[in-house]
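Here's the structure we're looking at; comments come further down.
Below, chain A is the first sequence line, B the second, and so on; all start at residue 1.
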There are 2 protein chains.
Amino acid sequence: MSGAQRTGRGTVKSPQRRQHLAGQDRQEQIIDRAVELFAQKGFALTTRELASGLQITQPLLYRYFPSKQMLIEKVYERVFFSRWRPEWAQWLADRRQPFRQRLIHYLTDYTQAILHNEWVRIFLYAGLQDPALNQRYLAMLHKDVFSVINAELRHENHADAPPDARQIMLETEILWGFHASFFYMGVRKWVYQLPMPDDLEALIAERVDAFLGGVLHPARP
Amino acid sequence: MSGAQRTGRGTVKSPQRRQHLAGQDRQEQIIDRAVELFAQKGFALTTRELASGLQITQPLLYRYFPSKQMLIEKVYERVFFSRWRPEWAQWLADRRQPFRQRLIHYLTDYTQAILHNEWVRIFLYAGLQDPALNQRYLAMLHKDVFSVINAELRHENHADAPPDARQIMLETEILWGFHASFFYMGVRKWVYQLPMPDDLEALIAERVDAFLGGVLHPARP
DNA sequence: AATTTTGATTATCGTTCGATAAATTCAGAG
DNA sequence: CTCTGAATTTATCGAACGATAATCAAAATT
């Protein structure tokens, strides 16, 4: 009876040799796969589907995560906060390069960080379920990126007088629209699943120029 | 035993007088409420929750809809296609008014149609589950709106030569970013649940000017 | 008032879900 | 080689889900 797998009988369903993994490795493996599968099916993905995708049994998940929700939290951490680069703010503020070039540099790196199937889809799934995570992320973006870009824009325009509240609001709104347009490229590709141009570099340059052309005042002689 | 509700016994749980509604009315009532509740909880909303929100019993839903999925289809119809205005294309092409004004007119009406909690959230829920609906909607948008705006832009720029494929692609990309920025206002408000400026009119005008400033070439003397 | 039709409820089925307990197998230490 | 602890599986529970059948009550019809 026991040890059926080692006997030569060919009808055994699968070799099915148990893979004992070190706890740490298994935990990371689970998170990795959860990122992929949650991105596809959302948090409605069942623990059985996840286990099946890992070729392990479903109760094993509960050895490493006390609940499905706690696993989801780990997925958040892996996807969003591990890809954030604090140096973005410094790049944008470094006036040794032209502002246009700084913007392109930042956006090239930023899009490389977030324009992935898992990032875009899980960000939306998270927001629809509970926006707390998105608010945290966007607060970070506002603080490290938006405020710097707005300051540099005013510097480029030789604006001496500090802008009033309404002016700041309008500038921030334009910036929101501009910045979100890159995230939205991911929405088009991985949510709507529409074809996208592949030359991202060119698109970034084009949008930066359209943005600056609309928001930069040429020096009036 | 029978007729317990009419006897004077005060311990009866609720008056619970059966509300007989005409079939047509009940069906519409169900769809209306389903729109609200699906927008909040997504399609994971259970038929029991929906029934509870309507103060009816759960099996009654199946008198009016053969399955939950068919009800979802009706919700799509109600939310998206009933709010589409075919006249948008005509407005945009009507050269008796300045292009800037046409754009503002269109966007004011368009945002009034789509900037609602249910529209934005259900559009995203739908896309994440199956993008077929979104593709249909966006194909409509592309055909009726994008192509007209692009044509008018070329007309404004006095572009005689027909643009090459790459030029069309770049223009369309800029337009995507511009147009999506209005939908994204709804995402900020009802998905991320961030505070939004209330003066939509001003925001539209500001964005239109930023867009045209970046994309319109001043006549070179 | 009796009868029919249709709207609405009660009861329930089969399935699937997240989670737990107990038994089993691997791998490293002695 | 044996022992032991950690990793994994088997078996299962209670709750919740979509859906159906049977029953009941309110209108509409006659």
In a table with atom names and distances, give each donor-acceptor pair under 3.5 Å that connects a side chain of residues 194-207 of chain B to protein atoms at least two apart or in another chain.
residue: B/Asp199; atom: OD1; partner: B/Ala202; partner atom: N; Å: 3.3
residue: B/Arg207; atom: NH1; partner: B/Ser181; partner atom: O; Å: 2.9
residue: B/Arg207; atom: NH1; partner: B/Ser181; partner atom: OG; Å: 3.1
residue: B/Arg207; atom: NH2; partner: A/Glu173; partner atom: O; Å: 3.0
residue: B/Arg207; atom: NH2; partner: A/Glu173; partner atom: OE1; Å: 3.2

Atom pair distance, as rounded to whole Å: CG in A/Leu60 and P in D/dT9: 6 Å
Pair A/Phe38 + A/Phe43: ring centers closer than 6.0 Å: yes
Between B/Phe123 and B/Phe80, does the ring centre distance come in under 6.0 Å? yes
Do we get B/Arg100 above B/Phe211's six-membered ring, with its NZ or CZ under 6.0 Å from the centre and within 45° of the axis? no
Of the options C/dT9, C/dG18, C/dA21, whose atoms approach the side-chain atoms of A/Pro59 most closely? C/dA21
Can you measure B/His20 atom NE2 to D/dA27 atom P for me and round it to whole angstrom units? 6 Å
Whole-Å distance separating the CG atom of A/Asp25 from the P atom of C/dA27: 13 Å
Could you check whether the rings of A/Trp84 and A/Trp88 sit parallel, tilted or perpendicular, using 30° and 60° as the cut-offs? perpendicular
Please list, by residue number, the residues of residues 47-57 of chain B whose heavy atoms come closer than 4.0 Å to an atom of DNA chain D; answer none if no residue qualifies. B/Thr47, B/Arg48
Both conditions, 6.0 Å and 45 degrees, for the charged tip of B/Arg102 above the ring of B/Trp91: are they met here? no
For residues 26-45 of chain A, which residues have at least one heavy atom under 4.0 Å from DNA chain D? A/Arg26
Taking the six-membered ring where the residue is Trp, are the ring centres of B/Tyr137 and B/Trp119 under 6.0 Å apart? yes
At a heavy-atom distance below 4.0 Å, what parts of residues 62-76 of chain B sit against DNA chain D? B/Tyr62, B/Ser67, B/Lys68
Round to the nearest Å and state the distance from A/Gln58 atom CD to D/dA7 atom P. 19 Å
Looking at A/Ile114, is its backbone amide N or carbonyl O close enough to the side chain of A/Arg83 to form a donor-acceptor pair, meaning the two atoms are under 3.5 Å apart? no
Electrostatic pair A/Lys74-A/Glu77, nearest N-O below 4.0 angstrom: no
Gap between atom CG of B/Asp25 and atom NE2 of B/His20 - 0.5 Å precision: 14.0 Å
Which pairs with one or both residues in residues 43-53 of chain A pass side-chain hydrogen bond (donor to acceptor under 3.5 Å, both in side chains), sequence neighbours excluded? A/Lys41-A/Glu49, A/Thr46-A/Glu49, A/Thr47-A/Gln58
At 10 degrees resolution, what angle do the end axes of the helix from C/dA1-D/dT30 to C/dG30-D/dC1 form when each is taken over five base pairs? 10°
